[in-house]
Amino acid sequence: MATKVVDLIYWRDVGKTGLVFTGLVIGLASLFQLSAITVLSYLCMAIMCLTFPLRLYYKLLELMRKNPEGVHPFQSYIGDDSSLTDEETVLVVEEVVLMIAFAVTEIKRLLFIGSIMDSIKFVLLLCVLVYVGITTNGLTLVIVGVICVFSLPLFYKQMQGRMKRIGKAVNGLLKKIKSLFKRMCSTLRPSTAAKPAPTTTLAPVPALAPKHKQKSK
């Protein structure tokens, strides 16, 4: 499944990817005017409008003895076994449970201030999401996300060399600006070299002559 998704994202089969991408965008755009159940029903009826006449055509050929083997036009899709084995089902359930447990743990850590910086970032993200939710619709974001998923990886793959050169140039420019800023700060900063404090030398106190006690005779 992961390989098929990657093939779709990188347009390795242009016909299949174009069909999936067009169907997703049209289906999501239709949800602006119709409900999800109506869109799904229309989608199924549109598919059957294509498959039903073709199936009748092959059946007619079979009746006219031009299709003696009774070849079904969609046998590859019908015979494709997409069910999961017991081991695969257990692995999928374990991954889903682990993802849910990790999400719940992270949300609790952020809500109850496990890390101050992470919680501040989470609050900023919530503010951005609130602003985005006010200005745009959630369905619009989904459509934009689908378009980005099918366009950005292919764009990056085609422009990978140029993007790397641009990234190196930007990093070099940032380093030059940083070094220039450091030099400017070092030149504008007043010299804070501590001058030696003047030491006051005390004059030596003259030694007092010892008093000799006169012995009384």
(message) Hydrophobic clustering (ILVMFWY, side-chain heavy atoms < 4.5 Å, transitive) - are L111 and L126 grouped together?
(response) yes
(message) Are M48 and Y57 linked, directly or through intermediate hydrophobic residues, by side-chain heavy-atom contacts shorter than 4.5 Å (ILVMFWY only)?
(response) no
(request) Sequence neighbours left out, what passes side chain to side chain donor-acceptor pair (under 3.5 Å) with S119? Give chain and number order. (result) none
(message) Please report the interatomic distance CG(L124) to CG(L129), rounded to the nearest 0.5 Å.
(response) 11.0 Å
(message) With a 6.0 Å cut-off (strictly less than), is the heavy-atom count around CE of M45, excluding the residue itself, greater than 12?
(response) yes
(request) Kindly state each residue pair satisfying side-chain hydrogen bond (donor to acceptor under 3.5 Å, both in side chains) with at least one member in residues 164-180, sequence neighbours excluded. (result) none
(message) Just verifying a value: how many Å separate L63 CG and L56 CG, rounded to the nearest 0.5 Å?
(response) 10.5 Å
(message) Quick check for you: to the nearest 0.5 Å, what is the distance between L40 atom CG and L43 atom CG?
(response) 6.5 Å
(message) Would you say that more than 12 heavy atoms from the other residues, nucleotides or ligands in this model lie under 6.0 Å from the CD1 of I37, or not?
(response) no
(message) Would a single hydrophobic cluster contain both V90 and V93, if residues Ile, Leu, Val, Met, Phe, Trp and Tyr are joined by side-chain heavy-atom contacts under 4.5 Å?
(response) no
(message) Quick check on L50: does its CG atom have over 12 non-hydrogen neighbours (other residues, nucleotides or ligands) under 6.0 Å away?
(response) yes
(request) Only pairs at least two apart or in different chains count here, so list each side-chain hydrogen bond (donor to acceptor under 3.5 Å, both in side chains) that has a residue in residues 8-22. (result) D7-R12
(request) Would you mind telling me which of L152, L154, V146 makes a side chain to side chain contact (heavy atoms under 4.5 Å, CB included) with F150? (result) V146
(request) Any side-chain hydrogen bond (donor to acceptor under 3.5 Å, both in side chains) involving residues 97-113? Give me the pairs, sequence neighbours left out, ordered by first then second residue. (result) E106-R109, R109-D118
(request) State plainly whether one hydrophobic cluster holds both V144 and L141, where clusters connect Ile, Leu, Val, Met, Phe, Trp and Tyr through side-chain heavy atoms under 4.5 angstrom apart. (result) no
Would you be so kind as to tabulate the donor-acceptor pairs closer than 3.5 Å made by side chains of residues 27-35, with sequence neighbours excluded?
| unit_1 | atom_1 | unit_2 | atom_2 | d |
| --- | --- | --- | --- | --- |
| S30 | OG | I26 | O | 2.7 |
| S35 | OG | T38 | N | 3.4 |
| S35 | OG | T38 | OG1 | 2.9 |

(request) Consider only side-chain heavy atoms of I, L, V, M, F, W and Y, link residues closer than 4.5 Å, and tell whether V39 and L19 are in one cluster. (result) no
(message) For the CG atom of L8 and the CG atom of L24, what is their distance to the nearest 0.5 Å?
(response) 9.5 Å
(request) Hey, could you give me each pair passing ring-ring contact (aromatic ring centres under 6.0 Å, His included) that has a residue in residues 98-123? Not counting sequence neighbours. (result) none
